[in-house]
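Counting starts at 1 for both ligands and their atoms, in listed order. Values in this document were obtained by computation on a predicted structure and should not be read as measured data.
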Amino acid sequence: MKIGILSAGGDCPGINATIRGVGKAAITYGMEVTGILDGFSGLLFNDYVRLDERSLSGILTLGGTILGTSREKPFKKKEGDIISDKPQLIKQNCEKLGLDCLVCIGGNGTQKTAAQLSEMGLNVIGIPKTIDNDVWGTDVTFGFDTAVNIATEAIDRLHSTANSHKRVMVIELMGHHAGWIALYAGLAGGGDVILIPEIPYNMDRVNEELMERSRKGKPYSIVVVGEGIKTGKKGEPAGAYIAGQIEKGTKLETRVNVPGYTQRGGSPSPRDRIIATRMGAYAASLLNKHIFGRMVAIHHNELTAVPLSEVGGKTRFVPNDFYLIKQAKKIGTCFG
Ligand code: F6P
């Protein structure tokens with residue numbers, strides 16, 4: 001069998017570990033492995049490299065993706081597109097390359113494209129990746145644990161400076177429209193207030209909580225904010241908006257911190273390396289059994305494969321009754 005692997009969408013720690021997992025297992029099964037460069041763009045412009053034992057060695061701990069990535073969405077028409085039928089061209093190029101299957105490593109957008117290519121008759125396997133942990137159909141994605149570690153360290157470091165200056169520290173964390181990173185890092189870092197997109201907040205309640213802490217003699221407060229929460233104007237940065245509202249409503253000195261892309265850069269955590277390796281090797285075992293049209297998933301720590309048709313285009317949000325929210329509320333964490 002000849003297989004192609006690509007990574008698409010925003011990068012995250014653990015993609016290389018996944019490429020290595022798929023590639024090494026596929027080679028063991030006797031398959032030939034091609035790395036498609038820069039996501040779906042590589043299939044439009046025939047950009048690819050051969051992956052062998054040698055090129056798959058030494059990449060387990062590397063951040064980013066050795067294959068590069070892009071936000072190319074072949075099923076979405078853009079102004080200025082020079083290629084009239086991108087999906088058809090992708091299909092033709094896969095045939096020209098002699099690919100028996102395409103492995104697509106990516107988030108929700110990529111899984112949707114993978115589902116559409118699968119509907120067109122291509123043999124496709126999806127592997128979920130994103131720091132946001134919001135891919136529908138799996139309990140977990142690799143990249144998330146590393147991002148939570150980085151975000152938690154950032155919060156940890158805010159405590160001492162907030163305490164010295166008696167300030168409110170607002171930290172804006174990534175996650176797109178989902179609040180997984182803010183919730184986990186917020187809990188791990190001891191955030192006093194955690195605002196996530198899934199839970200509508202009341203600014204008066206947030207300010208009252210901060211005033212109450214100040215009245216109790218607590219010298220500082222940490223407010224963790226998911227980037228996707230509602231703000232005053234569409235597109236207004238969440239952290240800056242909340243910090244402004246706090247200063248206005250409480251007169252407490254407030255600073256805002258945005259760790260940004262550091263959350264998805266660098267080496268994957270050991271947990272993410274393990275998830276990525278498991279998912280990669282499992283994807284190769286599906287290919288070996290000629291099972292296509294599925295996304296690799298983890299349910300209750302067991303590997304499984306869910307139909308791509310069920311996954312594409314959906315987002316996995318934090319449920320309002322999520323157990324961590326209930327427990328955090330018990331210890332007095334304010335969710336607005
Ligand atoms: O999906 C991962 C992510 O880092 C989100 O958390 C963030 O909203 C987005 O990507 C940023 O996208 P871009 O790489 O296009 O700036």
Side-chain angles (χ1 to χ4, degrees), residues 6-18 37-41 63-65 67-74 76 78 104-114 126-155 170-186 189 194-198 224-231 233-242 256-269 272 275-276 279 295 311-318:
L6 61 79
S7 51
D11 72 342
C12 80
I15 299 180
N16 290 324
T18 310
L37 302 181
D38 301 333
F40 294 102
S41 298
T65 161
L67 297 177
T69 185
S70 71
R71 297 265 187 203
E72 172 62 50
K73 293 189 173 88
K76 220 173 183 176
K78 300 196 296 278
C104 300
I105 306 171
N108 281 315
T110 304
Q111 301 310 327
K112 187 173 176 187
T113 306
I127 306 184
K129 68 102 243 255
T130 171
I131 61 164
D132 302 340
N133 202 35
D134 64 347
V135 177
W136 181 272
T138 181
D139 295 349
V140 69
T141 58
F142 61 83
F144 173 63
D145 183 65
T146 311
V148 169
N149 287 345
I150 296 164
T152 303
E153 158 135 31
I155 299 173
V170 175
I171 180 163
E172 177 191 300
L173 298 178
M174 276 189 166
H176 208 217
H177 297 303
W180 294 105
I181 299 176
L183 176 63
Y184 275 73
I194 301 175
L195 303 181
I196 62 171
E198 292 87 344
V224 181
V225 171
E227 65 174 347
I229 63 157
K230 262 211 162 66
T231 55
K233 282 180 266 141
K234 206 171 172 247
E236 188 173 9
Y241 172 74
I242 294 296
V256 58
N257 305 268
V258 185
Y261 293 91
T262 58
Q263 290 163 96
R264 64 180 219 208
S267 187
S269 66
D272 277 340
I275 296 173
M279 284 188 165
M295 183 189 79
V311 176
K314 294 184 208 154
T315 305
R316 193 174 77 97
F317 292 110
V318 179

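Protein residues having a heavy atom under 4.0 Å from any atom of ligand 1 are R71, T130, I131, D132, M174, G175, H176, E227, Y261, R264, listed by chain and number.
A distance of 11.0 Å separates OH of Y241 from CG of L195, quoted to the nearest 0.5 Å. Rounding to the nearest 0.5 Å places OG1 of T65 at 7.0 Å from CD1 of I105.
Contact of the F142 side chain with the C12 side chain is registered, since non-hydrogen atoms from C-beta on lie closer than 4.5 Å.
The number of heavy-atom neighbours closer than 6.0 Å to NZ of K76, taken from other residues, nucleotides and ligands shown, is 12 or below.
Only one option out of I171, I150, I155 pairs with P259 in a side chain to side chain contact (heavy atoms under 4.5 Å, CB included); it is I171.
Legend: residues meeting ring-ring contact (aromatic ring centres under 6.0 Å, His included) with Y184, ordered by chain and number and at least two apart, are F144.
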